[in-house]
Amino acid sequence: QVQLVESGGGLVQAGGSLRLSCVASGRTFRNYAMAWFRQAPGRERDFVAGITTYGIGREYKDSVKERFTIFRDDAESTVYLQMSSLTPEDPAVYYCAAGSALSPLSQTYIFWGQGTQVAVSS
């Protein structure tokens, strides 16, 4: 089992920045690809960004490229999502997930956190 705990969400003004963190415990963090998904009310859970083991590869949802950065610190068993230039399209509950491979498909991921809320004021 891997337990994932997200933090860093909150309310930010449009154009502002937030850094989300996801700390893992349990099995060896470095063996897992990690991803961030988000789900807004009434919408499906969407892939936002993902990173392979050892941080070799990254993928992003088109609408967050150039604004969001995913990175990991295997020594701290933590994956981060640095978000900048936040817009009214970004509010959602953000979830981190761990899986065996990087994929935009949620069913690829085995372990999920409880989520952290991001809100953006205009």
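Bear in mind the structure is a predicted one, so any value in this text is a computation, not a measurement. What's counted below: heavy atoms across the whole structure, side chains too, no hydrogens, waters or symmetry copies.
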**Student:** Are I110 and M34 grouped together when hydrophobic residues (ILVMFWY) are joined by side-chain heavy atoms under 4.5 angstrom apart?
**Tutor:** yes
**Student:** Within 45° of the six-membered ring axis of Y80 and under 6.0 Å from that ring's centre, is NZ or CZ of R19 located there?
**Tutor:**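 Yes, cation above the ring, under 6.0 Å and within 45°.
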**Student:** Determine the minimum heavy-atom distance between V2 and A24, stating which atoms define it.
**Tutor:**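 Closest approach of V2 to A24, heavy atoms only: CG1-CB, 4.1 Å.
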**Student:** Run the numbers on E6 and Y94 for side-chain contact (heavy atoms from CB on, under 4.5 Å), then give the verdict.
**Tutor:** CA-CA 8 Å; E6 303 96 333; Y94 282 69; over 6 Å; no
**Student:** CD/Q114 to SG/C22 distance, rounded to the nearest 0.5 angstrom?
**Tutor:**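 Between Q114 CD and C22 SG, I get 11.0 Å after rounding to 0.5 Å.
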**Student:** Could you check whether any side-chain heavy atom of V79 comes within less than 4.5 Å of a side-chain heavy atom of I51, counting everything from C-beta outward?
**Tutor:**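 Yes. Closest side-chain heavy atoms under 4.5 Å.
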**Student:** With a cut-off of 6.0 Å (strictly less than), are more than 12 heavy atoms of other residues, nucleotides or ligands near CZ of R30?
**Tutor:**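 Count not over threshold, so no.
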**Student:** Search all heavy atoms of A119 against all heavy atoms of P91 and return the closest pair with its distance.
**Tutor:** CA-CB, 4.2 Å
**Student:** Taking all atoms of both residues into account, what is the closest heavy-atom pair of R67 and S85, and its distance?
**Tutor:** NH1-O, 2.9 Å
**Student:** Heavy atoms only: give me the nearest R72-A33 pair and the separation to one decimal.
**Tutor:** NH1-CA, 4.1 Å
**Student:** In terms of side-chain heavy atoms, does T108 have a donor or acceptor partner in S103 at a distance below 3.5 Å?
**Tutor:** yes
**Student:** Just wondering, do Y60 and F47 contact through their side chains at under 4.5 Å, heavy atoms?
**Tutor:** no
**Student:** Between R38 and D90, is a side-chain contact (heavy atoms from CB on, under 4.5 Å) present by the stated rule, with each step listed?
**Tutor:** CA-CA 9 Å; R38 68 186 182 188; D90 295 318; 2.9 Å; yes
**Student:** Got more than 12 heavy atoms from elsewhere within 6.0 Å of CD, Q3?
**Tutor:**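 Buried by this count: over 12 neighbours within 6.0 Å.
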**Student:** At their closest point, which heavy atom of L86 faces which heavy atom of V120, and how far apart are they?
**Tutor:**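 Closest approach of L86 to V120: CB-CG2, 4.0 Å.
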**Student:** Rounded to the nearest 0.5 Å, what separation is found between the OH atom of Y54 and the OG1 atom of T52?
**Tutor:**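 Going from OH on Y54 over to OG1 on T52, the span is 10.5 Å.
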**Student:** Measure the shortest side-chain to side-chain distance between L102 and E59 over non-hydrogen atoms and say whether it is less than 4.5 angstrom.
**Tutor:** yes
**Student:** Counting only heavy atoms from other residues, nucleotides and ligands, does the tally under 6.0 Å from CD of Q117 exceed 12?
**Tutor:**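 Yes - once you tally the heavy atoms of other residues, nucleotides and ligands closer than 6.0 Å, there are more than 12.
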**Student:** Hydrophobic clustering (ILVMFWY, side-chain heavy atoms < 4.5 Å, transitive) - are F29 and Y95 grouped together?
**Tutor:** no
**Student:** Has D73 got a side-chain atom pairing as donor or acceptor with E76's backbone, closer than 3.5 angstrom?
**Tutor:** yes
**Student:** Tell me whether Y109 shares a hydrophobic cluster with L4, the cluster being built from Ile, Leu, Val, Met, Phe, Trp, Tyr side chains joined at under 4.5 Å.
**Tutor:**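 No, because Y109 and L4 fall into different hydrophobic clusters, even though each may have its own neighbours under 4.5 Å.
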**Student:** Could you pull out the closest heavy-atom pair between A49 and L81, with the gap in Å?
**Tutor:** CB-CD1, 4.0 Å
**Student:** Give the cluster check for V118 versus W36: same hydrophobic cluster or not, with ILVMFWY residues linked at side-chain heavy-atom distances below 4.5 Å.
**Tutor:**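 Same cluster.
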**Student:** I would like to know whether S17 and M83 meet side-chain contact (heavy atoms from CB on, under 4.5 Å); could you show each step before the answer?
**Tutor:** CA-CA 5 Å; S17 299; M83 307 186 294; over 6 Å; no
**Student:** Under a 4.5 Å side-chain heavy-atom rule over Ile, Leu, Val, Met, Phe, Trp and Tyr, are F37 and L20 clustered together?
**Tutor:**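 Result: no, two separate clusters.
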**Student:** State whether the number of non-hydrogen atoms from other residues, nucleotides or ligands found under 6.0 Å of Q13 atom CD is greater than 12.
**Tutor:**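 No.
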**Student:** Is there a side-chain contact between V48 and F68 (heavy atoms, below 4.5 Å)?
**Tutor:**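 Side chain of V48 against side chain of F68, heavy atoms only: contact under 4.5 Å found.
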